[in-house]
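FYI, the numbering just counts along the sequence from 1.
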Amino acid sequence: MYLLEITWNPADTLFKIGFLQIKYYNLLWIIAFALGWYIMKRIFLNEKKTVQELDSLFIYTVVATMLGARLGHVFFYDWEYYSSHLVEILLPIRERAGSALFGFINGYEFTGFTGLASHGAAIGIIIGMYLYCRKHKGFKMLWILDRVVIPVSIGAFCVRLGNFFNSEINGKIVDKTFLFATRFVRDSDDMPASAALRITKENTVNAAYKALENKPVFAEYLEAIPYRHPAQLYEGVCYIFVFLILYFLYWKTDKKNQAGYLFGLFLVLLWTIRFFVEFVKKSQGGFEESLGLLSTGQWLSIPFILVGFYFMFKPQKA
């Protein structure tokens with residue numbers, strides 16, 4: 001008996017306005033920041049802080065998150081490529097033969113901001129909060145971190161949902177009889193866009209993938225695509241529970257007054273989830289081949305977990 005046996009094949013672009021593409025992934029990042037601002041506004045008003053102070057914090061958070069996530073991906077996972085494509089590090093473009101950016105810059109295509117690493121985002125946010133507190137002397141860094149992790153945790157869910165729409169960060173191959181078995185038609189390893197175009201003879205990538213899914217003549221190619229764990233959803237759903245735990249502890253207990261506790265708990269919960277989900281996630285590259293035993297994501301998660309335990313159980317000043 002096959003339970004869900006999902007064939008997942010959505011276009012990653014919601015709509016286009018000229019050369020500008022609005023992708024599900026980018027939209028979910030926007031939703032994450034919007035939710036974050038709303039949640040932090042409630043917290044700031046509860047703590048008798050001003051909306052002007054929140055607006056400044058929001059700018060620091062957005063810049064720190066995006067810059068940290070991008071640089072994290074570049075240096076932790078794909079430096080071999082970006083070391084020879086430096087212009088692509090901070091621009092939403094990628095080199096591609098036959099493409100023309102804005103219709104006249106040959107050899108590049110607009111991709112949106114893809115290639116972001118959550119470990120880098122975490123480091124970026126911590127640095128951003130440090131810089132914010134240096135600018136705004138009335139705030140202590142742990143006070144900010146204990147509160148900002150609440151919206152960050154629900155934002156992490158939005159990002160993983162975006163990964164699911166992008167058919168990226170997929171899980172390892174699983175038997176089709178598995179409850180959550182998902183066939184990612186657009187998996188870049190199982191069916192690259194170039195292969196889909198070659199097989200179907202269609203003119204666009206979206207048309208090629210739709211043809212693979214819907215036209216009987218291509219059924220053998222569709223069947224050859226393996227089922228995988230929807231690892232993004234496993235991770236994302238768990239992050240919802242992290243958010244609910246932190247939200248409850250902030251509003252219903254006095255843990256917010258124990259400096260560093262909520263921040264530490266966030267680190268322990270989120271990166272422990274990441275550590276275990278990595279067991280069913282296909283390799284994302286990085287330095288794991290040189291270290292062995294664990295994936296790059298697992299190696300990067302361990303220091304965050306240890307730091308989290310420290311802040312949870314460090315002695316409190318009298």
Side-chain angles (χ1 to χ4, degrees), residues 1-16 21 23-28 73 77-78 81 94 96-99 109 111-112 114-118 157-238 274 276-286 288-289 295-298:
M1 176 182 177
Y2 303 152
L3 298 173
L4 296 183
E5 192 188 341
I6 299 169
T7 294
W8 186 246
N9 186 27
D12 62 357
T13 301
L14 184 59
F15 60 86
K16 294 182 179 181
Q21 303 177 36
K23 297 177 178 289
Y24 288 103
Y25 184 69
N26 303 132
L27 178 62
L28 283 160
H73 173 79
Y77 291 96
D78 211 4
Y81 173 83
R94 193 171 184 88
R96 182 177 179 183
S99 296
E109 65 175 344
T111 60
T114 59
L116 304 172
S118 53
F157 161 73
C158 293
V159 172
R160 284 295 175 254
L161 185 59
N163 294 139
F164 184 65
F165 273 102
N166 271 6
S167 297
E168 61 188 2
I169 316 183
N170 301 324
K172 294 177 180 178
I173 294 175
V174 68
D175 190 89
K176 67 189 297 184
T177 59
F178 179 69
L179 174 60
F180 302 114
T182 304
R183 178 194 280 137
F184 293 94
V185 178
R186 298 177 186 238
D187 187 287
S188 58
D189 293 323
D190 300 331
M191 182 57 68
S194 58
L197 289 167
R198 174 177 50 80
I199 292 168
T200 63
K201 311 300 182 186
E202 295 285 351
N203 294 324
T204 67
V205 171
N206 281 333
Y209 280 123
K210 287 180 181 178
L212 282 173
E213 180 183 6
N214 298 315
K215 293 186 177 181
V217 67
F218 302 122
E220 63 177 297
Y221 295 101
L222 182 65
E223 288 301 316
I225 298 173
Y227 286 85
R228 294 182 176 274
H229 285 283
Q232 319 94 317
L233 295 186
Y234 299 164
E235 202 171 334
V237 170
C238 289
R274 175 67 181 271
F276 283 105
V277 172
E278 286 284 326
F279 283 115
V280 297
K281 188 185 297 183
K282 71 177 181 179
S283 173
Q284 302 301 305
E288 59 193 47
E289 291 185 4
S295 71
T296 300
Q298 288 172 317

Apply side-chain hydrogen bond (donor to acceptor under 3.5 Å, both in side chains) to T200 and list each qualifying residue two or more places apart in sequence or on a separate chain.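 Partners of T200 by the side-chain hydrogen bond (donor to acceptor under 3.5 Å, both in side chains) criterion come out as none, since no residue qualifies.
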
Measure up the F164 and F184 rings against each other and bin them: parallel (under 30°), tilted (30 to 60°), perpendicular (over 60°).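 Plane angle over 60°, so perpendicular.
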
Measure the spacing between [atom1] of [X] and [atom2] of [Y] and express it to the nearest 0.5 Å.
X: I6; Y: K176; atom1: CD1; atom2: NZ; answer: 13.5 Å
X: Y24; Y: N166; atom1: OH; atom2: CG; answer: 10.5 Å
X: I199; Y: S194; atom1: CD1; atom2: OG; answer: 9.0 Å
X: S167; Y: D190; atom1: OG; atom2: CG; answer: 10.5 Å
X: M191; Y: N9; atom1: CE; atom2: CG; answer: 10.5 Å
X: K281; Y: E278; atom1: NZ; atom2: CD; answer: 4.0 Å

Can you check whether [X] reaches [Y] side chain to side chain, under 4.5 Å on heavy atoms?
X: V185; Y: W8; answer: no
X: R228; Y: N170; answer: yes
X: L233; Y: R160; answer: no
X: Q298; Y: F279; answer: yes
X: R183; Y: L222; answer: yes
X: I169; Y: Q284; answer: yes

With sequence neighbours excluded, tell me which residues meet ring pair (Phe, Tyr, Trp, His ring centres under 6.0 Å) with F276.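 F276: no ring pair (Phe, Tyr, Trp, His ring centres under 6.0 Å) contacts found.
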
One thing to verify: whether K282 and E168 come together as a salt bridge, which I'm taking to mean a side-chain N less than 4.0 angstrom from a carboxylate O.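 No, no charged N to carboxylate O under 4.0 Å.
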
Those residues that, when tested against [X], pass salt bridge (Lys or Arg N to Asp or Glu O under 4.0 Å) (two or more places apart):
X: K210; answer: none
X: E202; answer: K215
X: D78; answer: none

If you take all heavy atoms of [X] and [Y], which pair is closest and at what distance?
X: A117; Y: Y77; value: CB-CE1, 3.9 Å
X: N163; Y: Q232; value: O-NE2, 3.7 Å
X: V277; Y: A231; value: CG1-O, 3.8 Å
X: A196; Y: L212; value: CB-CD1, 3.8 Å
X: F165; Y: L28; value: CD1-CD1, 4.0 Å

Could you list all the ring-ring contact (aromatic ring centres under 6.0 Å, His included) pairs where at least one residue sits in residues 208-231, not counting sequence neighbours?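 Residue pairs with at least one partner in residues 208-231: F178-H229, H229-Y234.
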
State whether a side-chain donor-acceptor pair under 3.5 Å links D175 with T177.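 Yes, side-chain donor-acceptor contact under 3.5 Å.
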
Does the side-chain contact (heavy atoms from CB on, under 4.5 Å) test come out yes or no for I225 and D187, once each step is laid out? CA-CA 9 Å; I225 298 173; D187 187 287; 5.8 Å; no

